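Fair warning: this is a prediction, and the values are worked out from it, not measured in the lab. Because only heavy atoms are used, hydrogens play no part in the values below, and waters and symmetry mates are left out as well, while side chains stay in.
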Amino acid sequence: MAEPESQLLLAVGLIEKDTNGDALWVWCYPSVTAELRSLLLRKCCLTDENKLLHTFVFGQYKRSWFYITTVEVQESPALKKVTHFSIVLTAKDFNPEKYAAFTRILCRIYLKHGSPVKMMESYIAVLTKGICQSEENGSFLSKDFDARKAYLAGSIKDIVSQFGMETVILYTALMLKKRIVVYHPRIEAIQEFTRTLPALVWHRQDWSILHSYVHLNEEEVEALKACTGSYIAGFTDSEVNSRPDLYDVYVNLADSEITISPVVKEAMTMGKLHKEIGQLIVQSAEDPDKSDSQVIKDISLKTKEILATLASLTEVSDGDEKPTLNSETLKQKRFPPATENFLFHLAAAEQMLKL
């Protein structure tokens, strides 16, 4: 059963850009820390010099998700001195479609009334009942937005049509819990691409590794580095290419190029097994009769097969409840070197390796 909104929603906020060109925090409920306020000002695009309007962006910072819808004010008697505004929601869950729908309704309310009071009423209604309804501004029902739907909203087929057999590099990096950085000048392209990647390792269903909108800002970079294990981080600044301390695998989405860092070259050595997986991914994705979710299922079945092979090599040793893999046992099976190497590093990633 889905968690009630009272356990998921954290706060709502409002940022305005006035006729003087100043972007400022105007209001929030119940509260947003100063650190998070400056981060969200950076994300909302109203402080950008390039004047590009990003209607909806989302990301994660220190285990809180943020969702921002920005609109241009046109002929609103209630907001005479405002040219643009952003509605910000922070929450504990990943669900862009849910929060895009809710922020759109809040935007309509604010355009009409020009006061945060009416927005707060709708926010509290969703917080307590999971629903807000109005004839003029539209209705929002939390339970219409299942988390699983959000996990399946991206297109694996699009990724495979862009990267072909190289998709197996992304699959391997995710399986081995490596750090992936993705660059593209357009934030919308990054968000669409990065949100889909965790589906390649569907058995984990873990979207907490996703940081789809990161700036090369000291606090943000430090927060990213503090993440334990792997992550997928999206950047619109090409300078991230010269930050090898931030990635094991670098994806230049604009040029369709994937680079493996020398640090992980050995763990990421490709062999016959990877070729098999790559061919399976490409064949499945290129089948016009298969949906994205069917492609994910095909990849997931192959993953389960690999994990079953790994499990068959483990044994329960004295005093340990969890079966672990002994590297000697793995060597005795005489797998091809690249397969043995992959299984060894996968056992380490899945915490199945006997130390």
Would you check if the side chain of Arg195 reaches a backbone N or O of Pro96 as a donor-acceptor pair within less than 3.5 Å? no

- Query: Have Asn95 and Tyr67 got a donor and an acceptor in their side chains that come within less than 3.5 Å?
  - Reply: no

Paired with Cys45, the side chain to side chain contact (heavy atoms under 4.5 Å, CB included) test is passed by just one of Thr55, Ile15, Leu53, namely Leu53

- Query: Side chains of Gln294 and Ser291: do they bring a donor and an acceptor to under 3.5 Å?
  - Reply: yes

Tell me whether Lys43 forms a cation-pi arrangement with Phe66, defined as NZ or CZ under 6.0 Å from the six-membered ring centre and within 45 degrees of its axis. no

Hits for salt bridge (Lys or Arg N to Asp or Glu O under 4.0 Å) against Lys275, two or more places apart or cross-chain, chain-then-number order -> none

Exercise for review: Apply side-chain hydrogen bond (donor to acceptor under 3.5 Å, both in side chains) to the pair Asp292 and Ser155, showing each step before the final yes or no.
Suggested key: CA-CA 6 Å; Asp292 279 293; Ser155 175; 3.2 Å; yes

Using a 4.5 Å side-chain heavy-atom cut-off and chaining through intermediate ILVMFWY residues, the residues clustered with Leu24 come out as none

Under 6.0 Å between the ring centres of His274 and Phe342? yes

Practice problem: Using distance alone, with no hydrogens and no angle criterion, decide if His54 and Glu188 have a side-chain donor and acceptor under 3.5 Å apart. | Solution: yes

- request: Taking the side chain as every heavy atom from C-beta outward, state whether Val57 and Gln191 have any pair of such atoms under 4.5 Å apart.
  value: yes

Residues Tyr110 and Met119: closest non-hydrogen pair is CB-SD, 3.9 Å

Problem - Any side-chain heavy-atom pair of Thr236 and Arg186 under 4.5 Å - result: no

Closest heavy-atom pair, Leu36 versus Tyr61, reported as atoms and distance to 0.1 Å, is CD1-CD2, 3.9 Å

What I'd like to find out is whether the side chain of Thr259 reaches to under 4.5 Å of the side chain of Val249, using heavy atoms alone.
no

The complete set of salt bridge (charged side-chain N to carboxylate O under 4.0 Å, His left out) pairs with one or both residues in residues 152-165, sequence neighbours excluded, reads none

